[in-house]
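This report concerns only the one structure given below.
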There are 2 protein chains.
Amino acid sequence: MARKTGSHSEITGPRIRGAALKLFARHGFAAVSMRQIAAEVGVQAGALYLYTPDKETLLFDLLKAHMDELIAAWEEEPKGDGPLARLEGFVRFHIRFNLERTDAVFLSYMELRNLGPGNFAAIEALRRDYETRLETILRDGQAAGLFAAPDTKIATLAIIAMLTGVNTWYREGGRLSRQKVGDIYWDMVRKAVAA
Amino acid sequence: MARKTGSHSEITGPRIRGAALKLFARHGFAAVSMRQIAAEVGVQAGALYLYTPDKETLLFDLLKAHMDELIAAWEEEPKGDGPLARLEGFVRFHIRFNLERTDAVFLSYMELRNLGPGNFAAIEALRRDYETRLETILRDGQAAGLFAAPDTKIATLAIIAMLTGVNTWYREGGRLSRQKVGDIYWDMVRKAVAA
DNA sequence: GATTGTATTGAACGCGCGTTCAGATAATCT
DNA sequence: AGATTATCTGAACGCGCGTTCAATACAATC
């Protein structure tokens with residue numbers, strides 16, 4: 001036996017990444033075996049090595065792709081006029097984007113420790129890159145006298161932690177719509193850094 | 001060979017829990033073997049089973065003890081006069097307590113998924129218990145017209161996520177003292193829920 | 001319809017896993 | 001001093017791990 005009818009690498013590759021993302025997020029990187037991922041896709045474990053050199057690289061590729069997409073999506077987001085509108089845009093964007101990729105967000109916060117030093121540094125750099133975009137907004141607002149955060153670096157980390165926390169409790173079809181969640185968090189963030 | 005001079009269960013038990021806490025936090029529950037824990041303590045793997053029925057229970061006991069201590073410590077904290085002082089007390093307490101137990105906090109947020117349903121529910125209940133204590137403060141302040149959070153339940157989760165985030169970046173001997181960190185976060189929280 | 005190249009299988013590799021338990025040793029008790 | 005009890009060792013159990021690779025089946029091309 002070998003390849004089944006209609007199988008192609010353009011299909012199997014993404015399916016492997018999708019299965020790995022789902023299983024890693026659900027059970028943790030170390031708790032998921034290559035055989036489980038293969039079973040989810042419907043191939044034998046050996047076939048995975050046509051698409052990744054090893055298990056850690058599979059994880060790294062998922063994290064790297066997520067961070068790249070996060071930054072790219074923010075770059076394509078329409079920029080508001082002035083720091084206040086830009087901050088509102090960031091708050092709503094971050095919540096919206098993260099709620100659409102709960103597995104990848106979970107992975108990014110949980111499994112960095114399973115990367116070797118080089119891979120770890122690469123993801124960390126992307127994270128700092130993203131954070132800097134928020135901090136720039138805060139500093140601009142501070143300079144314009146619109147904000148009065150006691151420390152823009154800490155405020156950046158505090159806001160991101162607060163917004164990312166939405167993923168831990170939000171459930172589709174719950175008490176609040178995504179729109180309303182955005183409204184609530186924007187209200188709190190706006191006041192927290194207000195002059 | 002068997003027991004070495006001066007070995008006692010009152011010493012080995014805590015040492016096992018300490019080693020497990022450190023290693024689980026560092027590498028993740030699934031990535032740490034019973035043999036590694038035993039090696040850290042200086043005994044053979046079999047000896048661990050004098051102190052825990054299995055690996056998952058060892059994790060559960062660590063998480064349970066942490067949550068119990070968190071709630072007990074908050075109960076013993078001097079209560080401020082009125083919602084505003086109580087909220088300030090909570091903010092400063094949460095940061096201080098969590099910074100003193102980084103490993104346990106990390107575990108509590110990362111490894112819940114490695115518990116069976118019953119153990120998971122027990123820890124979740126304790127977490128909700130702790131959260132309720134903050135929400136009560138917010139609701140009291142809201143009733144007194146001191147606060148104007150758009151949604152006390154969400155504000156509770158947002159504040160806790162923001163405060164717990166301190167553990168991800170704070171380093172001893174860094175730019176900011178613990179006191180200053182408390183000041184900064186209290187400023188942001190106070191304004192975020194202000195009327 | 002034969003040839004070529006790609007995608008996949010299935011078996012195997014050495015290794016470490018969680019857990020059990022009979023036996024050995026040190027501390028304690030009578 | 002001798003018996004008892006608490007503590008720990010060391011070997012073993014079956015099992016699944018990540019990874020490799022020759023063999024193989026299919027698709028595409030000629």
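Throughout, protein chains are lettered first and strands after them, A, B, ... in sequence-line order, and every chain is numbered starting at 1.
Relative orientation of the F90(B) and W74(B) rings is perpendicular, given thresholds of 30° and 60° on the angle between their planes.
The ring of H94(B) has its center closer than 6.0 angstrom to the ring center of Y130(B).
Between the T164(A) side chain and the A161(A) main chain, no donor and acceptor come within less than 3.5 Å of each other.
Put simply, OH on Y51(B) is 12 Å from P on dA6(D), counting in whole angstrom units. Here the P atom of nucleotide dA23(D) and the CD atom of Q44(A) are 19 Å apart, to the nearest Å. For the pair L48(A) CG and dG10(C) C1', the interatomic distance rounds to 14 Å; values are reported in whole Å.
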Worksheet, complete the sentence: Expected string for nucleotides 15-21 of chain C under the B/S/- scheme (protein heavy atoms, under 4.0 Å, primed atoms plus P, OP1, OP2 as sugar-phosphate) is --BBBB-
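Residues E88(B) and R190(B) are not paired through a salt bridge, judged by the lack of any N-O separation under 4.0 Å between the basic side chain and the carboxylate.
Regarding contacts with the backbone of dA7(C), every side-chain N or O of T12(A) stays at 4.0 angstrom or more from both OP1 and OP2.
Atoms CG and CG, from L59(A) and L115(A) in turn, are 5.0 Å apart once rounded to the nearest 0.5 Å.
Considering R92(A), R96(A), R86(A) as possible partners of E77(A), the one that fulfils the side chain to side chain donor-acceptor pair (under 3.5 Å) test is R96(A).
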